[in-house]
Amino acid sequence: MDNVNTLWLSSGLAQVQAGQIFMMMVGLGLLFLAIRKGFEPLLLVPIGFGTLLANIPGAGFELAPIYDAAGHMTSPGGLLYYIYSAGIETGLFPLIIFMGVGAMTDFGPLLANPKTLLLGAAAQVGIFSTVLGAVALGHFGILDFSIRDAASIGIIGGADGPTAIFVTSKLSPELLGAVAVAAYSYMALVPIIQPPIMRAMTTQAEREIKMEQLRTVSGAEKIIFPLTLLLLVAFLLPDAAPLLGMFCFGNLMKECGVVARLSDTTQNALINIVTIFLGLGVGSKMSAEMFLNYETLGILGLGAVAFCIGTAAGVLMAKLMNKFSKHKINPLIGAAGVSAVPMAARVANKVGLEANPQNFLLMHAMGPNVAGVIGSAVAAGVMINLVSGM
Amino acid sequence: MDNVNTLWLSSGLAQVQAGQIFMMMVGLGLLFLAIRKGFEPLLLVPIGFGTLLANIPGAGFELAPIYDAAGHMTSPGGLLYYIYSAGIETGLFPLIIFMGVGAMTDFGPLLANPKTLLLGAAAQVGIFSTVLGAVALGHFGILDFSIRDAASIGIIGGADGPTAIFVTSKLSPELLGAVAVAAYSYMALVPIIQPPIMRAMTTQAEREIKMEQLRTVSGAEKIIFPLTLLLLVAFLLPDAAPLLGMFCFGNLMKECGVVARLSDTTQNALINIVTIFLGLGVGSKMSAEMFLNYETLGILGLGAVAFCIGTAAGVLMAKLMNKFSKHKINPLIGAAGVSAVPMAARVANKVGLEANPQNFLLMHAMGPNVAGVIGSAVAAGVMINLVSGM
Amino acid sequence: MDNVNTLWLSSGLAQVQAGQIFMMMVGLGLLFLAIRKGFEPLLLVPIGFGTLLANIPGAGFELAPIYDAAGHMTSPGGLLYYIYSAGIETGLFPLIIFMGVGAMTDFGPLLANPKTLLLGAAAQVGIFSTVLGAVALGHFGILDFSIRDAASIGIIGGADGPTAIFVTSKLSPELLGAVAVAAYSYMALVPIIQPPIMRAMTTQAEREIKMEQLRTVSGAEKIIFPLTLLLLVAFLLPDAAPLLGMFCFGNLMKECGVVARLSDTTQNALINIVTIFLGLGVGSKMSAEMFLNYETLGILGLGAVAFCIGTAAGVLMAKLMNKFSKHKINPLIGAAGVSAVPMAARVANKVGLEANPQNFLLMHAMGPNVAGVIGSAVAAGVMINLVSGM
Amino acid sequence: MQDTLIDQGLNLMLFGMGTVFVFLTILVFATILMSTLVNRFTPATKVEQAPSQAPPIAANSPLTVSPHIVSAIEKAVAAHRQR
Amino acid sequence: MQDTLIDQGLNLMLFGMGTVFVFLTILVFATILMSTLVNRFTPATKVEQAPSQAPPIAANSPLTVSPHIVSAIEKAVAAHRQR
Amino acid sequence: MQDTLIDQGLNLMLFGMGTVFVFLTILVFATILMSTLVNRFTPATKVEQAPSQAPPIAANSPLTVSPHIVSAIEKAVAAHRQR
Ligand code: NA
Ligand code: NA
Ligand code: NA
């Protein structure tokens with residue numbers, strides 16, 4: 001009878017709390033969005049499943065190992081604990097993913113038209129105005145946000161998953177679940193969020209602007225650009241060096257042409273392995289205590305605002321640049337400055353085609369699109385630096 | 001001359017013990033079985049080679065690193081030590097392999113005929129009757145087995161390598177070598193062990209039973225099944241959640257169709273890397289002190305009994321089910337309930353073809369075959385739970 | 001204003017030291033050699049980039065994590081710190097790479113003509129005479145070399161990157177950057193360093209010697225050879241067992257033919273992943289304090305001498321063997337005994353074709369070439385053993 | 001627990017095997033229920049949805065080969081032709 | 001710092017956005033300078049060098065497939081033909 | 001040991017180089033012996049066994065490409081044909 005009791009007491013039904021059931025529904029919801037709606041499935045499938053695992057009553061996926069006084073392990077830790085502490089707390093997984101993203105990035109369109117970097121800068125207004133929104137909510141006691149939390153929430157506006165995870169795991173690890181879910185969800189929603197804003201901020205004539213064909217970029221330029229970027233980062237903003245350093249390393253491996261087998265593994269086996277574990281590890285922070293509160297609603301709301309402001313700022317910046325330059329820019333590509341590579345560039349292309357079926361903006365939009373990645377990594381570096389000193 | 005002495009004293013010949021030589025012969029024997037006889041080579045090649053490495057006199061493959069009082073490493077540990085402590089003691093490697101196995105598993109045949117799950121349950125009788133055998137040997141002082149050892153030995157009957165390694169590394173790490181070797185060896189011997197039992201337990205008429213063609217299973221069912229299984233585990237038997245959770249995660253990645261690149265890496269690069277290190281790590285427990293004793297003979301004997309009983313129980317269960325159902329089951333597919341995927345299903349097919357050359361049982365046997373994986377993971381969970389409380 | 005100050009103080013420009021700028025130029029130089037000159041790019045691209053990262057002022061790539069008294073992490077470590085401490089300090093990365101190299105090695109030519117093993121032995125004279133050179137420099141107070149440093153410098157003459165990294169990380173970690181750079185640079189320079197020496201040490205008639213066609217080697221011999229080598233190592237020189245054990249394991253996986261999927265992953269995804277991190281980790285030891293001193297110049301000079309002496313010794317050994325054997329060896333293949341697989345074998349082939357356009361030495365030179373790998377792993381083992389006792 | 005080893009073994013057999021059977025029996029019913037529900041709710045939308053939903057799943061196996069390998073294959077094939 | 005939360009947020013906005021704009025503006029000029037220098041110094045050698053330098057870069061994508069896969073592909077193609 | 005550095009270096013040279021030569025010389029004989037034994041015992045069974053044993057080894061290189069890639073290749077080839 002003791003055994004029946006043991007089994008019953010250890011069963012999920014005997015231990016389950018309402019919060020866990022709710023979080024499992026959140027996990028199932030994320031899986032639904034990822035699988036049926038195609039919301040960034042590469043990350044949301046592992047995050048959703050990790051949410052399920054982390055909320056199984058009594059399974060202990062997120063428990064740390066226990067050692068006796070002599071240092072012997074008396075109880076091994078749970079899978080998600082090891083993943084989180086080895087890969088996320090240390091920052092390794094986001095950095096390795098950034099290396100892989102770098103190895104998949106083509107800076108050609110950006111090099112052909114470098115001033116589109118400014119569009120990538122402008123879109124980061126979304127990040128910082130969201131920070132302001134979060135501190136306002138915190139200041140007036142509406143939600144419990146510190147300056148560290150505000151920075152982590154703002155970075156959602158960077159529309160860049162690994163950057164958001166890197167910053168949040170350093171500044172506000174308890175918000176990691178909500179921030180990562182918001183970042184990936186809104187990235188998936190870019191085709192719904194951006195077009196109305198883009199249309200509202202531009203005239204038909206502006207949307208019809210046809211841009212000059214991009215010049216051919218030489219292989220040497222593509223090789224030297226990541227090194228140029230790294231050196232600038234090194235001397236001006238070392239706090240952005242972890243993210244941008246690995247990004248440039250991946251890109252150099254791709255472009256230099258002599259380490260193709262390393263570049264190939266970086267873009268495939270390595271980034272896939274790390275993506276699986278990163279997603280599961282983020283899931284481990286999706287516990288009821290951390291997720292089921294008004295702060296999460298605030299994060300989701302602020303994240304949406306961040307995307308909208310970033311989109312608008314990119315478009316406005318493009319319009320401003322057109323005032324000073326005779327090579328006109330179609331302001332729709334400014335919206336691609338939020339990053340969300342390559343979705344935002346495709347959206348710019350699609351809205352452009354609506355205005356003029358002969359106007360292909362895709363390659364033009366890739367410039368601000370990758371500029372947005374650089375821009376939010378820079379914003380991440382400066383926020384980590386400033387917030388740590390506050 | 002000191003140097004000659006140093007070299008001589010550090011040579012293998014000066015340090016070797018009889019047990020090490022014997023264990024190296026065991027390692028060579030495992031390599032022979034794997035390479036020439038095709039015994040589960042993916043695991044037995046690394047285990048066999050790991051056995052050789054672990055028994056090289058003075059090479060220190062299994063030594064822990066040494067730190068001075070200030071925490072500086074004064075002597076790095078051996079390769080096998082790092083592998084064992086990072087991947088096996090923590091349970092990570094068996095779990096990652098289970099994820100890969102999940103990503104390779106097709107639940108279609110099981111979903112088309114869910115009652116074959118009961119065949120997978122019945123075959124686990126092999127596990128628990130072996131536990132009884134082991135405690136009997138322990139109780140009467142014939143061999144030195146505790147209840148933890150008995151559970152680890154019983155799990156050999158689950159015919160599932162990663163499950164056996166997971167349970168044994170938690171309950172009786174010193175038996176890991178013998179249990180893993182027995183599990184993989186008997187899995188390789190399934191085509192020799194099972195047919196005589198299957199023939200003895202069935203009549204010619206039973207073996208000729210032709211089963212109805214399996215219905216087509218929809219993609220949606222295949223996606224929802226791993227989630228259903230996970231939720232049942234979560235609420236009824238959280239102790240089985242690590243193994244079955246990762247199994248369901250791998251399967252969901254495969255079936256959902258939106259993360260094909262993750263599923264592909266899980267089934268290839270990731271599972272291959274982990275398999276190599278898992279095998280080497282198991283080899284590190286193949287030392288003379290742990291392996292060269294009567295207990296190992298007992299484990300090998302009990303393991304064989306476990307396979308036989310499991311096979312018989314699966315066949316008998318199928319015959320029992322036929323008494324209550326009008327959709328007749330060919331009892332041969334009950335033997336596939338021990339798991340040993342896909343070998344046991346092929347054996348069922350082959351014995352069936354002997355009885356009736358038109359009777360293809362392979363797909364029918366895949367149902368109980370994967371049910372056996374679930375069944376032994378459930379048995380593993382319940383044993384870890386109950387034994388820890390004893 | 002405080003914030004401007006914070007940003008300025010944390011910028012690279014405010015913190016940079018002359019040594020860091022110089023080391024960044026060294027890193028760029030390595031990248032130039034790797035990308036434009038094709039110097040062993042698989043290693044020198046990651047090492048060069050790692051050098052850049054490690055010398056970014058204030059970026060903290062090489063910092064250890066900081067824990068508070070309760071064991072909580074207050075500051076995560078840098079990427080390069082984790083890579084170095086997990087993969088290089090422990091010896092794991094060089095060993096895994098050696099496994100991959102083993103899985104890419106064909107012992108066929110060596111088995112067809114086993115006495116070419118002696119050429120691989122002779123070329124190790126380069127290692128040990130360089131040790132003598134280093135201790136002479138140390139003894140006379142010209143440079144600050146201990147016996148451990150001398151052994152690490154000598155191993156450059158082994159012309160085998162992972163072996164050099166393995167030995168140096170154990171004996172003189174502070175020399176790791178210089179030794180690894182020298183080893184890979186000179187391996188890349190083999191086509192320039194070796195031919196003049198080879199021509200100077202041989203007559204035209206010797207270079208024209210045509211060797212008998214190699215016999216066919218059976219698959220069974222190829223399977224049993226790595227086991228034979230492992231057993232000899234186990235009993236005679238266990239200190240060489242880590243390197244040669246993993247080498248033999250990789251080779252057995254390749255040759256046994258039953259674990260092709262493991263062998264394939266070992267040769268591709270796994271070795272590529274580890275190569276990237278090994279290179280970055282080596283770069284983390286490329287700091288100004290460790291690299292910018294006269295010792296580095298001494299290391300570079302001695303390394304070049306080591307290659308020259310090794311080449312000459314291999315050629316001389318071949319000429320000596322011709323005095324005692326009626327099956328003549330073309331002495332050019334002796335130069336391949338330094339290893340630097342497969343570059344040195346190709347150089348022997350090319351110099352041979354200059355002398356006689358019909359004389360293809362490539363396959364004959366592969367024997368001493370892989371023998372050189374074994375020879376320097378043996379030398380590494382014996383040096384680690386003897387030096388640790390001094 | 002201060003049971004004898006045999007008692008412990010019998011307990012393990014009894015409760016272990018019982019749990020396995022109970023769990024898998026529940027799973028049988030859960031699976032049947034799941035399949036029934038899925039097939040009841042998807043047929044309605046099946047006629048239109050089947051084609052739209054089938055491809056991602058059918059496309060699974062070809063997609064597991066990354067696009068650049070496929071393009072490399074096509075190049076290899078083209079190159080092979082030209083010989 | 002003992003600023004209020006709002007002050008901290010404003011500071012972060014001001015200095016953060018400023019840094020982003022300053023950094024990316026500098027990067028614009030650095031990139032233009034880099035491209036100009038690269039294209040000034042390579043054209044001279046371009047006529048001869050272009051063909052020799054282009055291949056390693058152009059060869060990039062096919063090279064990302066390891067040689068043994070390519071040979072396997074060729075075998076597969078050959079095998080497929082013979083059917 | 002309180003030898004001078006030079007003594008240590010000479011010792012290392014002497015015993016190191018000696019060990020390398022002794023070890024590799026033993027390996028030469030061990031290899032010759034191994035090959036002789038292998039080829040003595042396999043020829044007898046070679047006539048029948050060669051075909052059965054050769055395939056798994058010969059099959060090595062194609063097998064290193066996983067089956068689903070091979071099938072993808074065949075599909076790509078088929079698709080390419082139909083164009
Ligand atoms: Na961005
Ligand atoms: Na089983
Ligand atoms: Na060598």
Side-chain angles (χ1 to χ4, degrees), chain A residues 110-111 114-118 120-122 124-125 127-129 131-136 138-139 145-147 150-151 154 217-225 228-229 231-233 236-237 240 254-258 260-261 263-264 267-268 371 374-376 378-379 381-383 386-387 389-390, chain E residues 1-70:
Chain A
L110 182 68
L111 288 168
K115 70 184 177 197
T116 56
L117 278 163
L118 297 179
Q124 311 314 318
V125 169
I127 293 181
F128 292 101
S129 45
V131 170
L132 268 196
V135 297
H139 181 76
F145 289 143
S146 68
I147 187 70
V217 173
S218 73
E221 284 172 85
K222 288 190 179 181
I223 293 175
I224 296 174
F225 178 73
T228 308
L229 174 54
L231 292 178
L232 272 188
V233 168
L236 298 181
L237 199 67
K254 173 189 172 232
E255 298 295 354
C256 73
V258 292
R261 59 180 291 159
S263 164
D264 181 45
Q267 293 176 48
N268 290 288
I374 299 174
S376 41
V378 169
V382 75
M383 289 209 299
L386 290 176
V387 165
M390 282 177 179
Chain E
M1 239 185 250
Q2 53 279 71
D3 298 343
T4 67
L5 195 53
I6 290 281
D7 287 342
Q8 292 181 333
L10 282 171
N11 267 327
L12 202 54
M13 166 113 200
L14 198 66
F15 293 101
M17 204 59 222
T19 305
V20 169
F21 258 111
V22 169
F23 184 87
L24 289 189
T25 305
I26 295 173
L27 184 58
V28 170
F29 289 108
T31 304
I32 292 171
L33 180 68
M34 183 275 288
S35 286
T36 312
L37 290 176
V38 167
N39 291 326
R40 175 169 308 162
F41 291 112
T42 42
T45 49
K46 213 174 193 173
V47 186
E48 314 119 86
Q49 203 168 0
S52 78
Q53 199 192 336
I57 289 150
N60 194 355
S61 55
L63 264 178
T64 50
V65 179
S66 69
H68 83 277
I69 290 199
V70 169

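Just so it is clear, the model here is predicted, and its values are computed rather than measured. Below, read A as the first sequence line, B as the second, and so on, with proteins coming before strands; counting in each chain starts at 1. Worth knowing before you read on, the calculation uses all heavy atoms, side chains too, and leaves out hydrogens, waters and symmetry mates.
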Which atom pair, heavy atoms only, marks the closest approach of [X] to [Y]?
X	Y	answer
A:Ser218	E:Val38	OG-CG1, 4.1 Å
A:Ile147	E:Leu5	N-CD1, 3.5 Å
E:Leu27	A:Phe225	CD1-CE1, 4.2 Å
A:Leu132	E:Gly9	CD2-C, 3.7 Å
E:Gly16	A:Leu386	N-CD1, 4.3 Å
A:Pro114	E:Ile32	CG-CG1, 3.7 Å

message: Between E:Leu14 and chain A, with a heavy-atom cut-off of 4.5 Å, which part of the residue counts as in contact: side chain, backbone, both or neither?
response: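 Neither part.
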Residue part contacting chain A, namely of E:Met13, when any heavy atom lies under 4.5 Å: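 For E:Met13, the contact with chain A is made by backbone and side chain together.
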task: Show the numbers, then the answer: is there a side-chain contact (heavy atoms from CB on, under 4.5 Å) between E:Val20 and A:Phe128?
output: CA-CA 11 Å; E:Val20 169; A:Phe128 292 101; 4.0 Å; yes
What part of [X] gets closer than 4.5 Å to chain E, counting heavy atoms only: side chain, backbone, both or neither?
X	value
A:Ala240	neither
A:Ala150	neither
A:Val131	side chain
A:Ser376	neither
A:Leu118	both

message: Quick check on side chain to side chain contact (heavy atoms under 4.5 Å, CB included): which of A:Leu232, A:Leu229, A:Thr228, A:Leu117 does E:Thr31 satisfy it with?
response: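 Running side chain to side chain contact (heavy atoms under 4.5 Å, CB included) over A:Leu232, A:Leu229, A:Thr228, A:Leu117 with E:Thr31 returns exactly one hit, A:Leu117.
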- prompt: How many angstroms lie between atom CG of E:Asn39 and atom CD of A:Glu221, to the nearest 0.5 angstrom?
  reply: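 It is 4.0 Å, given to the nearest 0.5 Å.
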- prompt: Less than 4.5 Å apart, any side-chain heavy atom of E:Thr19 and any of A:Leu237?
  reply: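 They are in side-chain contact.
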